[in-house]
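For reference, the structure is listed below as structure tokens.
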Amino acid sequence: MTVKQFFKSNAFKSLAVLLAIVIIAGGLLAIFNDLLFVSDEERFNRTIEKIYGGSATVEETLTITDENGTFDKGAVSAAYKMSDGNYLIHSSGKGGYGGDVYLWVVVIAENGKFGGIEKVLLDTSDGETLLGNFRDSFYENFTKHNDELVEGKYFGTSGSDVINNVVTGTTLSSNAMCNAVNTAIDFFKSAVLGEEVVSYTYLYEKYVDMTQTTIERDFAANSVTLRIVMQANGIAPSIAFDVTVKDGAITAFEATKPFVQQYDETKIDESLRNGTYFVGKTAEEIAAALPDGETLDPAKLEGLGLATGASRSSESFFRAAAFATANFEAFFAPENLTYASYVDFEQSTFTWNYTEGNEVKMHIVMQANGIAPSIAFDVTVKDGAITAFEATKPFVQQYDETKIDESLRNGTYFVGKTLEEIAAALPDGETLDPAKLGGLGLATGASRSSESFFRAAAFALSNYTFYLTGGEQA
Amino acid sequence: MNKYVKTAVDGLITNNATFKLVLGTCATLALTTSAINGVGMGLSVTAVLLLSNVVISLLRKVIPNTVRIPAFIVIIATMVTILRMALDKFLPDLYDSMGVFLPLIVVNCIILGRAEAFASKQPVLDSAIDGVATGLGFTAALTIMGVIRELLGSGSFFGIQLWDFKIGFFTSSAGAFFVYGMCIALFTLISNRVEYAHRARKARELRVPAEGPLDAPGISAKEEA
Amino acid sequence: MKFLLLQPVQWAQVGIVIGIFAAISVLLTVCILLVAKFCKTNADEKMEKILENLAGANCGGCGCTGCAGFAAKLCKGEATLADCHVTGDDKKEEIAKILGVTVEASKPTVSVCRCAGGKNAADKFVYSGAQDCAEEAKLDGGAKACKYGCLGDGNCERVCPESAISLPEGCACVDPDRCTSCGACIRACPKDLFMRIPADAKVYVACANHDRGKAVMDVCSVGCIACGKCAKVCPSGAIAMVDNLPVINYDLCTKCGKCAEACPRHTIQTRY
Amino acid sequence: MLGTIITIIVAALFSQNFILVKFLGICPFLGVSKKTSSSVSMGIAVTLVMVLATLVTYPLYEYILVPLKIEYLEIIFFIFIIAALVQMLEKIIEKLSPSLYQTMGIYLPLITTNCAILGVAELVIGSGFYADIGLAAAADMNLWFALLYALFAGLGFTLAMVLMGGMRERIEKLPIAKCMKGFPITMVAACFMAMAFYVFTLI
């Protein structure tokens with residue numbers, strides 16, 4: 001094969017041609033990639049162009065930190081104050097099909113107060129094939145509920161007090177859409193207006209110091225005894241109340257002593273202090289005294305035959321009563337129990353064994369926890385202590401047995417533990433610090449699944465009394 | 001019919017890429033959950049197919065047979081990527097609606113299929129016509145399936161909600177298979193009917209006896225009797 | 001369209017990309033060539049070109065397993081182009097050029113069933129076995145008294161890709177419009193009753209019984225009794241009596257239809 | 001370690017089956033699965049290409065593309081490598097069994113654009129992959145897990161092909177309407193198989 005022949009041969013020709021094609025292609029690609037690179041800044045101008053069509057420019061760019069930018073249902077990556085006074089927020093919502101959904105939300109800021117949503121535009125949403133501007137009408141109905149938004153309601157796909165069926169068409173990422181818009185609203189309220197935004201499970205929870213408040217539920221008697229500790233209300237100090245509500249009406253209401261020495265007794269009407277005024281009142285009557293749901297109109301006090309003055313403290317009285325009565329059903333809803341946010345209530349069952357008296361058998365099914373699959377536990381609690389704790393099989397084959405400690409799996413670790421000891425492992429009530437596992441003498445690793453273990457145990461112990469009366473008969 | 005019209009009709013109807021050659025099934029099954037996706041994907045494929053057929057048929061004599069597949073695929077992939085970059089830079093709103101399909105096209109079997117079967121053997125003009133015809137045939141097929149699945153699956157037509165009676169089966173992938181199978185069956189049925197009619201007409205033309213339709217002695221005698 | 005600011009090109013990046021891409025392509029091409037060298041199949045150039053021109057339907061009409069087999073036979077000269085009925089005429093010219101053989105433009109043909117018995121033919125016994133001509137033919141040639149006749153179990157109907165064959169009165173009948181003359185029925189019929197005739201043929205002999213007239217009359221009311229009237233009346237002498245059956249030479253036939261009229265038993269049938 | 005391997009095998013073969021759950025690589029699945037013999041050989045060919053492709057693309061991505069920050073070229077490099085492998089495969093198959101080469105026909109070059117192979121190459125380098133197969137962190141991911149996943153993804157592909165091949169052989173014998181023969185009835189069969197495999201996405 002002489003050299004000349006080699007150059008003519010098919011082998012060399014194919015090598016040369018392919019090399020030529022590849023070099024040209026590679027060159028073109030690299031050059032065009034640099035040439036046509038769309039910088040973020042240009043992309044941002046394009047979005048502004050699309051939303052405002054040139055009518056407004058960016059006045060000020062807000063700094064986004066990890067602390068003010070992340071929320072439980074989504075996150076905010078950028079926010080700008082526009083020349084027309086409104087705020088343009090780039091927020092993402094979790095739970096989209098195959099990834100988060102990113103939205104540009106224009107929030108109306110009328111003279112420093114939240115005024116609703118002016119426009120919503122899809123930025124990109126990985127995993128969503130075509131939600132582009134073909135269906136702009138898709139986002140209009142986000143802007144049609146401003147009055148409800150001002151009241152404090154949020155967008156959602158389920159639940160009573162949310163604005164739902166806002167999103168039609170693809171239901172897959174509709175909750176991601178709502179999460180993104182809600183996140184933008186929360187960000188606007190917290191970062192821009194400085195309001196303290198915390199999502200509440202109960203009504204009037206804003207005024208109650210939940211950490212010290214205890215709720216005793218008696219399912220059989222359908223009554224709740226609460227020890228409500230109110231937050232300080234302006235100059236009025238924090239007041240504590242012992243309230244029992246039966247069948248939705250207050251049966252006992254007594255302001256415990258601590259408030260007296262800080263305040264002048266004569267200013268507060270006798271019937272308020274010993275609670276006789278509230279006895280027998282239902283949620284509607286109390287709510288009537290708090291027209292806008294929070295402030296007590298002093299003038300109304302005469303109308304109710306009460307001594308005027310000390311309106312801030314009496315306001316706390318009314319708020320406590322409202323808190324106790326308005327949430328009466330909510331207290332009995334299992335989702336609002338302590339440590340209950342990760343339990344899958346559809347599949348869980350709780351049976352109360354009559355013969356043994358105070359023994360409750362719980363089959364608790366935990367929701368999936370990040371990548372850890374949903375795990376089911378069979379727990380029996382007798383006289384307030386765990387007597388048997390066993391993780392049923394389903395979780396094993398998806399997960400590596402060696403990662404979870406033997407004593408956790410067969411439950412021996414939890415037997416006999418008190419609620420305090422278990423609660424100690426969950427500092428903020430829900431996350432298990434992997435490092436602590438070592439401290440408790442357990443194999444580290446597989447922290448997500450072990451977290452479900454601890455949560456289930458904590459739930460079982462803390463709600464033993466509730467299910468003692470509330471669970472089905474065995 | 002002259003050559004070009006025949007290629008066009010071939011690409012569009014007779015051997016339609018989706019229903020007859022059954023190529024590009026991944027895109028067909030995945031993207032026909034809504035009609036708009038079908039149209040968007042179809043038009044993007046048509047554009048890319050036209051470009052790639054022309055370029056490949058220009059180079060068909062140069063590329064030796066031993067390395068034809070890598071060569072073709074590099075050409076197609078580079079073209080799609082540069083098209084995507086250009087679209088993103090100069091026509092952003094078109095990119096928003098079409099852009100999401102372009103990376104999918106590189107993996108689409110139709111482009112390489114037509115390049116391999118047709119463009120690498122035919123002159124440029126034929127390849128171009130074939131590219132456009134196959135692309136439009138693909139768009140039509142995807143739109144039809146998109147409409148069916150969207151109408152039955154999510155009760156809307158091109159995004160406009162008509163009724164909220166939804167059959168989940170049709171938006172699922174098992175449903176995609178089913179609808180695709182039924183469309184092919186319908187297509188085969190129709191094309192068979194058309195072909196029989198065409199063949200019967202051709203056979204009848206043949207059957208006219210040499211001297212002319214009626215003056216043959218045998219036939220006239222019999223009719224009078 | 002307002003001119004957008006184009007970003008500067010970093011040439012270092014371009015160099016890297018080209019370098020890697022080129023390296024990979026050289027490496028892969030060398031591998032491809034090595035593999036090609038090892039797997040040098042002995043397919044010579046001619047066979048490949050023929051295969052490209054054949055229709056590639058692998059229908060088996062030519063009696064080979066697929067087009068590849070047919071192409072091999074063509075190269076060795078064991079098969080003629082006429083065997084393949086699916087490839088278009090223009091393609092056949094190209095193959096003929098490659099093979100250096102001349103191919104006469106073969107006229108389109110259709111298949112026809114040389115029997116019209118069915119209900120008109122008597123049965124020797126009642127057959128209630130498998131609905132399959134080949135099975136029935138094993139039982140002393142089948143239930144029909146006439147051992148040449150069609151048994152009416154429909155093997156041909158099932159095998160015809162164009163479903164051109166139907167069995168109106170228990171006897172196979174080919175619809176000329178649908179038949180693509182692929183030869184599947186010819187292979188399927190155990191009695192070998194199917195025959196290819198020119199597509200424009202007007203008349204054909206619907207009987208394959210070689211016995212004398214008397215024997216035919218006992219078994220079938222429409223069988224050919226070899227009276228020879230058709231041969232005498234044919235003005236162009238296209239019909240010759242061979243072994244008690246008329247054989248029509250379609251090149252001479254002027255489609256006058258006289259033979260069909262003359263036949264006392266209507267064995268010679270007309271198509272239109 | 002053992003748990004990860006079991007997860008990979010179960011995931012690649014059943015719960016994340018490339019054809020019937022992820023719906024990638026449908027063209028050869030419908031085109032070549034007429035007989036179980038041709039589907040087995042197609043399956044093995046695809047598995048071979050998958051393993052070889054991952055062997056080349058995984059290190060290419062980890063050690064060349066990422067450090068040089070030219071990930072945007074990733075798709076083109078991957079497809080180029082797969083195309084070259086398929087070109088070699090074509091020569092090998094043409095040598096080993098011409099009849100198989102004839103039955104695969106146009107579907108052999110189409111392995112290149114087969115979404116399953118590119119799917120494996122892309123998935124293996126994906127960010128979320130280490131979690132799918134039960135590893136604690138991305139650092140634990142290495143070439144062996146990738147190759148193992150590619151191998152079993154290919155076997156899952158072959159499994160689905162053989163299942164379909166077997167079913168189609170039986171279907172050929174059934175008296176079906178003429179227009180339903182061929183692809184339509186295969187699609188209906190695939191629809192039922194998809195429903196059957198749908199259960200894996202639920203657990």
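Per chain, numbering begins at 1; letters A, B, ... match sequence-line order. Remember, it's a predicted structure, so these values are computed and weren't measured experimentally.
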Hey, does [Y] have a side-chain heavy atom less than 4.5 Å from the side chain of [X]?
X       : Y        : result
B/Arg60 : B/Gln122 : no
B/Met41 : B/Asn108 : yes
D/Leu60 : D/Phe78  : yes

Quick one: of B/Leu21, B/Val107, B/Ile184, who has the most non-hydrogen atom pairs under 4.5 Å with chain D?
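That would be B/Val107.
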Using a cut-off of under 4.5 Å for heavy-atom pairs, which of B/Thr78, B/Thr66, B/Leu186 has the most such pairs with chain D?
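With the most close heavy-atom pairs to chain D, the winner is B/Thr66.
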Could you look at [X] and say if it's the side chain, the backbone, both or neither that has a heavy atom under 4.5 Å from chain D?
X        : answer
B/Ile111 : neither
B/Val74  : side chain
B/Leu189 : both
B/Val67  : backbone
B/Thr81  : side chain

Please name the residue in the list B/Thr28, B/Thr134, B/Ile110 that meets the side-chain contact (heavy atoms from CB on, under 4.5 Å) test with B/Leu23.
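That would be B/Ile110; it is the only one of B/Thr28, B/Thr134, B/Ile110 passing the side-chain contact (heavy atoms from CB on, under 4.5 Å) with B/Leu23.
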In terms of heavy-atom pairs under 4.5 Å, which option from [options] contacts chain B the most?
options                               : answer
D/Ile82, D/Ile79, D/Val188, D/Leu20   : D/Ile79
D/Cys191, D/Gly182, D/Ala84, D/Ala189 : D/Cys191
D/Met180, D/Glu90, D/Met193           : D/Glu90

Over 60° means perpendicular and under 30° means parallel, so tell me whether B/Phe19 and B/Phe187 are parallel, tilted or perpendicular.
tilted
Are there more than 12 heavy atoms of other residues, nucleotides or ligands under 6.0 Å from atom NZ of D/Lys181?
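More than 12 heavy atoms, drawn from other residues, nucleotides or ligands, come within 6.0 Å of this atom.
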Cation-pi check, D/Lys34 to D/Phe183: give yes when NZ or CZ is under 6.0 Å from the six-membered ring centre and within 45° of the ring axis, no otherwise.
yes
Rounded to the nearest 0.5 Å, what separation is found between the OG atom of B/Ser127 and the CG atom of B/Leu49?
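The CG atom of B/Leu49 is 10.0 Å from OG of B/Ser127, to the nearest 0.5 Å.
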D/Leu30 portion near chain B, given a 4.5 angstrom heavy-atom threshold
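Side chain of D/Leu30 only, per the 4.5 Å heavy-atom cut-off to chain B.
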